Protein chains: 4
Amino acid sequence: MSLPTKNFLKEISLQTDHSKKPTEKQQKIIEAAIKMFAEKGYANTSTSEIAKEAGVAEGTIFRHYRTKDRLLLSILLPFIKKSFPSIAEGVFKEINLDQLTSFEAFLKALITNRIEFIKAHKEIFRILIKEILYNEKLKKELEPFVIKNILSRILPMIERFKEQGELVDLPAETIMRILFTHLFGYFISRFLILPDDIVQDEEAEVEILVNFIMEGLKKRS
Amino acid sequence: MSLPTKNFLKEISLQTDHSKKPTEKQQKIIEAAIKMFAEKGYANTSTSEIAKEAGVAEGTIFRHYRTKDRLLLSILLPFIKKSFPSIAEGVFKEINLDQLTSFEAFLKALITNRIEFIKAHKEIFRILIKEILYNEKLKKELEPFVIKNILSRILPMIERFKEQGELVDLPAETIMRILFTHLFGYFISRFLILPDDIVQDEEAEVEILVNFIMEGLKKRS
Amino acid sequence: MSLPTKNFLKEISLQTDHSKKPTEKQQKIIEAAIKMFAEKGYANTSTSEIAKEAGVAEGTIFRHYRTKDRLLLSILLPFIKKSFPSIAEGVFKEINLDQLTSFEAFLKALITNRIEFIKAHKEIFRILIKEILYNEKLKKELEPFVIKNILSRILPMIERFKEQGELVDLPAETIMRILFTHLFGYFISRFLILPDDIVQDEEAEVEILVNFIMEGLKKRS
Amino acid sequence: MSLPTKNFLKEISLQTDHSKKPTEKQQKIIEAAIKMFAEKGYANTSTSEIAKEAGVAEGTIFRHYRTKDRLLLSILLPFIKKSFPSIAEGVFKEINLDQLTSFEAFLKALITNRIEFIKAHKEIFRILIKEILYNEKLKKELEPFVIKNILSRILPMIERFKEQGELVDLPAETIMRILFTHLFGYFISRFLILPDDIVQDEEAEVEILVNFIMEGLKKRS
DNA sequence: GATGAATGAGCTTTCATTCAT
DNA sequence: CATGAATGAAAGCTCATTCAT
């Protein structure tokens, strides 16, 4: 895949101008593409397969999305915008941060929020992860974007809780990395590798996960 | 990719018949393929690229490996044989299990051992993970193999330590799943997503990781 | 060549679904393929040669016929349907059988009819014969079809004329075989080996041929 | 197939210089090639298949025969020399022509002789016919050779018997063509299309065949 | 806007042939 | 002599993309 633009962020905002409502055919195409990309991966899915699955002519795909690349981006970009940048914002909006007296409460809110989000967009999440891993280019282009949006928001949060004496005495970046490694790893394991319905008691699952991380990160006395 | 055989395990043992020493060119081909598959993924790498990278004619690849599929398997199968089946065996051989009085010690030995193994074959690990995620077929064929080899060995171990009162009072399968999710997730995050040299103090890293998991899994008093 | 189906007869009827009108390019492709297959044989003709001859892109061939195999079948199947099953039917339709008082008259009608048919499709006939000889698989798949359609129609005819005392006292199968051997042999010699225009007086030719066969087969007194 | 020489006849005599006895490996190669060419046709048989069947290395084939073409010729040329040029000679040698008072006796001797010859070299005969039909070039190069050798010998014979009043009053060329068409057609039908062992009583078969032809060709009173 | 025929670049694979050992 | 690794040209085929209708 050769991404059509060098400036990923600009592309995202340009893409936003798609204020026009998608036609019924467009909807069908997107649905078909999501299904097949998630199943077989972008590179293993041909546009003709998508067209057949969507019940449209192959030309129709290109009329709307110009290239296969942009079809992928049309799926991923809205998802990325809704997920990464707001990774904390979403939390912040739904929770009154001031009332979060503990890092544990913050973490629980964050994880619950993200799990729900991924569950609501499971297939697109799968596509994104697969392509990040498979496609060095996409990964590279996403990296600064993620760093800017996630790190910049979470790091201060960590600093604050460190000051409050809630977290282990490690550099904030290290804590960040540990947190990220485990959370991200958890999401991939759970949503890309394990069977779909393995977790039954979601609340208990989050409880364990938070406990897990907290015990690893909380200040040792 | 259409895997050339239905019986993955048989294929593995047949593949062992590599009694003939590989040519110099064969070595070059394998090296080039590993490099490119790890970088761009199997589906995004053409055999002509591999040939060019290896400095051989494209025909030479097919003289030795018959298909692109089998080239991939030639890389993955030896790795799988060395990694999955022995995931605990390796640990058992190097450590005197009887002396492992605690689950923590066992976990530390296991993780250290596997990290070293992956570090020694980082690129092949990347290829394997990428293809497992990207290629539903490979995943499906690997699943029973993994279940048989990993679960059957680790589960008894967990039972034992549960009986010794070291582990949280959850079903062994749940503990297993939690352990797997986090370890696997950790490996993927660390070796496929984060930059190569982010971990400097490996011993401390394992310490944190084990601590992390132990705190989450140990018996709560 | 690996024929795409096991059931030749089914394939034939499926193929009939050619309800869509062929494109102009499709027509060109078929014409070019017929010309080149007849000239050089299927195996010695490359799809790129056909494309060049037809004045289309190579991809166009595969868009319409999926494989080189099916291109060949697209040419042969309609011909087979029109030729073999009706080998006698065509005769029966055009001639009032009841009025055929003699085997000689029947034979003459049959031969005249088939010669005209082959002359009208000389190139396809050549392709078919060549492939039957060259391609064991095609021959095998065609065999039961031919037996069913030809033998079952001609044998009763022979029996009838034997009863009328017109034919030599040999088993009907033997007469059938002799007839077949000579007719088929004649067609191959004439249309595949001898120059195109060697026969000038067609009527005389048939006369000689029928005479030839009749003298060999008629009842000896 | 691109025949390696323009002058077929010269090639034949050059080839004769192979007075050296073939090695055991050469024998194996020739046998394997004959078997596979007869079965699948020249174009559908790869040199590596031949090598495997013969139990030699692929290089060995090329060491002895330089090209795949020449391997084919090594098989066909001796056969052609023994068959076509002597088509009558063989007859002449074995039979005392002067004693042949009738065309029928000549024909019977000729046919019996040729049937035995083909039966002794059935596979090579098949290869030759297949390639003559499949390969326009070979056919073209063989044509003058055949004309020169066959026509020049049989035509005078026909003239002679015509003068003796044994044959129908048609131009000798026409009689020749009819004879050729039927004989050649008969051989192809019998040895390439019908099953191997369909003829049980060979003597009766020849009897019928000769009768067949004679009745067609003999002088009508 | 929607279609699907047409394209051509590029893919995997085959194969006759060469040549160092 | 025999081998088989290596070659590269050409084969059949796929696929994203274009464009006339």
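Bear in mind the structure is a predicted one, so any value in this text is a computation, not a measurement. Proteins come first, then strands; the chains are lettered A, B, ... in the order of their sequence lines, and each starts at number 1.
The CD1-C1' distance, from Ile29(C) to dT7(E), rounds to 12 Å in whole Å. At whole-Å resolution of the value, CZ in Arg66(A) and P in dT17(F) are 9 Å apart. Here dC11(E) presents its P atom at 12 Å from CD1 of Ile61(B), a figure rounded to the nearest Å. Summarising the geometry, the separation between CD1 on Ile50(B) and C1' on dC11(E) is reported as 12 Å, rounded to the nearest angstrom. As a whole-Å value, the separation of Glu49(B) CD from dT13(E) C1' is 17 Å. Distance CE (Met36(A)) to P (dA16(F)): 12 Å, rounded to an integer number of Å. Spacing between atom OH of Tyr65(C) and atom C1' of dT14(F) amounts to 18 Å, rounded to whole angstrom units. Computed from coordinates, the Lys28(B) NZ to dA6(F) P distance equals 10 Å when rounded to whole Å.
Contact check of residues 52-60 of chain A against DNA chain F (heavy atom, cut-off under 4.0 Å) returns Glu58(A).
Within the 4.0 Å cut-off from OP1 or OP2 of dC1(F), not a single side-chain nitrogen or oxygen of Arg63(D) is found. OP1 or OP2 of dA6(E) has not a single side-chain nitrogen or oxygen of Lys25(C) nearer than 4.0 Å. Residue His64(C) has a polar side-chain atom (N or O) positioned under 4.0 Å from OP1 or OP2 of dA6(E).
Note on ring orientation: taking the six-membered ring where Trp is involved, the planes of Tyr134(B) and Tyr134(A) are parallel (angle under 30°, cut-offs 30° and 60°). Classification of the His121(A)-Phe79(A) ring pair by plane angle, with boundaries at 30° and 60°, yields perpendicular.
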- Query: How would DNA chain F look in dot-bracket form, 5' to 3', counting Watson-Crick and G-U wobble pairs with both distances under 3.5 Å and writing | for bases paired to another strand?
  - Reply: .||||||||||||||||||||
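A 6.0 Å sphere centred on NZ of Lys28(A) holds no more than 12 heavy atoms belonging to other residues, nucleotides or ligands. Counting heavy-atom neighbours within 6.0 Å of Lys139(C) NZ, excluding the residue itself, gives a total above 12.
Proximity of Tyr65(B) to Ile29(B): side-chain heavy atoms (C-beta onward) are separated by under 4.5 Å at one or more points.
Listed candidates were dT14(E), dA11(F), dC15(F). Nearest to the side chain of Phe62(B) is dT14(E).
Checked options Ile129(C), Leu128(C), Ile127(C); the residue passing with Phe125(C) is Ile129(C) (criterion: side chain to side chain contact (heavy atoms under 4.5 Å, CB included)).
Residue-to-nucleotide proximity on DNA chain E shows that, of Glu24(C) and Lys68(D), the 5′-proximal contact is made by Glu24(C).
In summary, the side chains of Glu58(D) and Thr47(D) do present a donor paired with an acceptor at a separation below 3.5 Å, with no hydrogens or angles considered.
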- Going through the distances and angles, do Glu141(C) and Lys137(C) end up as a salt bridge (charged side-chain N to carboxylate O under 4.0 Å, His left out)? CA-CA 6 Å; Glu141(C) 300 205 55; Lys137(C) 223 179 204 162; over 6 Å; no
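If you check every strand for non-hydrogen atoms under 4.0 Å, Thr47(A) touches a base.
A cation-pi arrangement is not found for Lys130(B) relative to Tyr42(B), the charged atom failing to lie both closer than 6.0 Å to the ring centre and inside a 45° cone about the ring normal.
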